[in-house]
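The sequence lines fix the lettering, A, B, ..., with proteins before strands; numbering per chain opens at 1.
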Number of protein chains: 2
Amino acid sequence: MAKTDTKLRILESAEQLFATHGFTHTSLRQITTEANVNLASVNYHFGSKKSLIQSVLKRYLEIYMPLLHQNLNQIAPQKNEIEPVLQAFIKPLFELNKLGKQSPRNFMIMIGRGYSETQGHLRKYIVSEYGETVLLITHKFANALPNISAQELFWRLHFALGALVFVMSSSSALEEIAEADYAESATTEKIVNKIVPFLAAGLSCKSQ
Amino acid sequence: MAKTDTKLRILESAEQLFATHGFTHTSLRQITTEANVNLASVNYHFGSKKSLIQSVLKRYLEIYMPLLHQNLNQIAPQKNEIEPVLQAFIKPLFELNKLGKQSPRNFMIMIGRGYSETQGHLRKYIVSEYGETVLLITHKFANALPNISAQELFWRLHFALGALVFVMSSSSALEEIAEADYAESATTEKIVNKIVPFLAAGLSCKSQ
DNA sequence: CAAACTTTCAAACGGTTGTTTAAAATTTAT
DNA sequence: ATAAATTTTAAACAACCGTTTGAAAGTTTG
C-alpha cells in the first residue's frame, strides 16, 4: 500500500474547502492541490465528486446521528420544556471536537450548505439512513409541545431549521460582520448558545 | 429601437431562474434561452453576469426599501411589542405582487441566496445604498426590545431572516408535504401568518 | 525473485462557463 | 433618403470543470 493516508488527506482537505467555499465552488483541483495528492486520485478512491461529498458528510453523520439518538432517548422533556430537546442536538455536536478543532463548525456549515445546495438530496439521505432517529426527533418535540397541532409543529420545526441552516451557511460572513461591528469573536459555540433560547421561544410560542 | 423589451425579458427570466436554482447554478445560456434573446445581449445590456445579478436585486430593492422605510416610520412600537415591527416588513413585501404573482417569494429567496452566495456583497450594497433604512430598522427593533444588546439583536435578526428565507425558498416542497400530510393548503400568506408569532417570540425572548 | 495486484501520475478528453468579436440588422437623426 | 448610432446575431474565445486513460511506480503475495 502506497501512501495509505491519501484517502484521509482528500477527506480532510475537502471538508475544509467545502465548509469555507461550498460544494459547487470547490473544485477537485483545489482539493487535490491542498491535499498534495494527484487529481485522479479522487476519482480512484471515491468514484466521483458527488460521492466524495457524500463521504465527507457521512464521516460526521455516522458519529453524530447515533449520539443524537442516544441523547434524545435519555431525556423526558416536561411540558413546554423545549430546551432539553434542543440541547440533545447541541451536545453531540461538540463531541465532534475529537475529530478536529473545527469539526463542529464544519459539520454544521456543511449540513446547512447541503440543504440549500444539494436540492434535498441530503435530506432524503438522512431520512432513508436515519429514519428511526428522525421519528424520535418529531416524537420528542411533540411530547414537549403537546398543545400545538401536528401541522403547526411541522412548520415551526422548519422555521427553526431555517434559522439554523441560514446562520450556519452564512456564518463566516456573519462572523466577520459581528467581529467588525461589535468587536465580538463569534465562535460556533457562541452562536449556538444564542440561537437555542431564540428557537426555544419560537417553538413554544402561543399561536394565535 | 429594436425589441425594447430585451432588457426586461432578461431581468424577468434571470429572476425566475435565480430564485429557483441560485445565482451560480444559473447560466447565462439558460437565461437567454428562457428569455428568447441572444446570449451576447446580457453582456451588451448589463456588462457582466455579476452586474446582472445586481440589477435583478436592485429592481426589487428600489421598490421595497422605500416602502419599508415608510412603514417603519409610521409605527411607534411599545416595549416588547415586536409584531408591529415585523408587519412593517411583511406589508410592503406583498406590494411586490404588483410586479408579478411570484415576486414576493422570488425577492425573499434571492435575498437569502444573496447572503450565502455572494460573500456579503449584497449586505454591503444594502448598507451603502439604504444605510438610513438599515439604521431605522435597528432603531425600531431596539426601541421595541430595549433589554437586549446590539450584538444580541444582530444575531436574532439574522436568525429571523434565516427562518423566513429558508421557509420561502423551500415553500413549494413544504407546501406539498403539508398538503399531503395535513390536508392544508399552504399559501405564502398563510406561512407568513404562522411565522410572525414564531419570530416575535424568538426575537423578544429572555436571553440567559 | 517473479507474478499479481494496488496505487500514483501526467496527460488528455469532452463539456460547460462567461466573455468577446465583428458583421448584420434595425432604429434614429440629419 | 442617407448617414449615424444602436441593437442583434452567430461564431469563436480562453478558462475551467469532472472524468478517463494507460503507462509507471509501488506493494503484496506465491
Side-chain angles (χ1 to χ4, degrees), chain A residues 1-59 110 113-114 116-122 125, chain B residues 1-59 110 113-114 116-122 125:
Chain A
M1 202 187 334
K3 274 174 84 180
T4 60
D5 57 347
T6 297
K7 245 181 128 170
L8 187 63
R9 294 177 65 82
I10 293 172
L11 281 172
E12 285 175 345
S13 297
E15 171 195 322
Q16 203 59 45
L17 287 163
F18 286 158
T20 311
H21 302 113
F23 299 113
T24 48
H25 283 95
T26 301
S27 71
L28 296 185
R29 281 165 180 84
Q30 283 179 270
I31 295 169
T32 52
T33 300
E34 179 76 19
N36 262 311
V37 299
N38 188 269
L39 168 62
S41 56
V42 171
N43 291 85
Y44 176 77
H45 284 288
F46 297 94
S48 65
K49 184 184 182 181
K50 197 172 206 167
S51 178
L52 171 62
I53 296 173
Q54 290 175 331
S55 297
V56 171
L57 285 167
K58 201 174 170 183
R59 199 158 80 104
M110 286 192 296
R113 293 212 130 109
S116 43
E117 274 193 46
T118 66
Q119 294 161 324
H121 285 191
L122 174 60
Y125 175 79
Chain B
M1 200 186 340
K3 275 174 83 181
T4 60
D5 57 346
T6 297
K7 245 182 127 168
L8 187 62
R9 295 175 65 80
I10 293 172
L11 281 172
E12 287 176 344
S13 297
E15 170 195 323
Q16 204 59 45
L17 287 164
F18 285 158
T20 311
H21 303 113
F23 298 114
T24 47
H25 284 95
T26 302
S27 71
L28 296 185
R29 281 165 181 85
Q30 283 178 271
I31 295 169
T32 52
T33 301
E34 179 77 17
N36 263 310
V37 300
N38 188 271
L39 167 64
S41 56
V42 171
N43 291 84
Y44 176 77
H45 285 287
F46 297 94
S48 65
K49 184 184 181 181
K50 197 173 205 166
S51 179
L52 171 64
I53 296 173
Q54 290 175 331
S55 297
V56 171
L57 286 167
K58 199 175 171 182
R59 198 158 79 102
M110 287 192 296
R113 294 212 130 108
S116 41
E117 276 193 45
T118 66
Q119 293 161 325
H121 286 191
L122 173 61
Y125 175 79

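Looking at every heavy atom in both residues, B:Met110 comes nearest to B:Leu122 through O-CD2, 4.4 Å. Between A:Val56 and A:Leu11, the shortest heavy-atom contact is CG2-CD2, 3.8 Å. Closest non-hydrogen pair, B:Thr26 versus B:Gln30, comes out as CA-OE1, 3.5 Å. Contact record, B:Leu39 with B:Leu28: CD1-CB, 3.9 Å, taken as the closest heavy-atom pair.
B:Thr6 places none of its side-chain heavy atoms less than 4.5 Å from the side chain of B:Asn38.
Taken from CD1 in A:Ile10 to CG in A:Asn36, the straight-line distance is 11.5 Å, to the nearest 0.5 Å. Within the model, atoms CG of B:Leu57 and CZ of B:Phe23 stand 4.5 Å from one another, a figure rounded to the nearest 0.5 Å.
One interatomic measurement links the two molecules: NZ of B:Lys50 to C1' of C:dT17, which rounds to 16 Å at whole-angstrom precision. In this structure, NZ of A:Lys49 is placed 15 Å from P of D:dC16, rounded to the nearest angstrom. Between B:Leu8 atom CG and D:dT7 atom C1' the separation is 16 Å, expressed in whole Å.
For A:Asn38, a side-chain nitrogen or oxygen approaches OP1 or OP2 of C:dA10 to under 4.0 Å.
Looking at residues 13-34 of chain B, you'll see B:Thr26, B:Ser27, B:Leu28, B:Arg29 sit with a heavy atom under 4.0 Å from some atom of DNA chain C. Residues of residues 39-48 of chain A that place a heavy atom closer than 4.0 Å to DNA chain C, in numerical order, are A:Ala40, A:Tyr44, A:His45.
Counting only residues at least two apart or in different chains, side chain to side chain donor-acceptor pair (under 3.5 Å) contacts with residues 46-59 of chain A comprise A:Glu15-A:Arg59.
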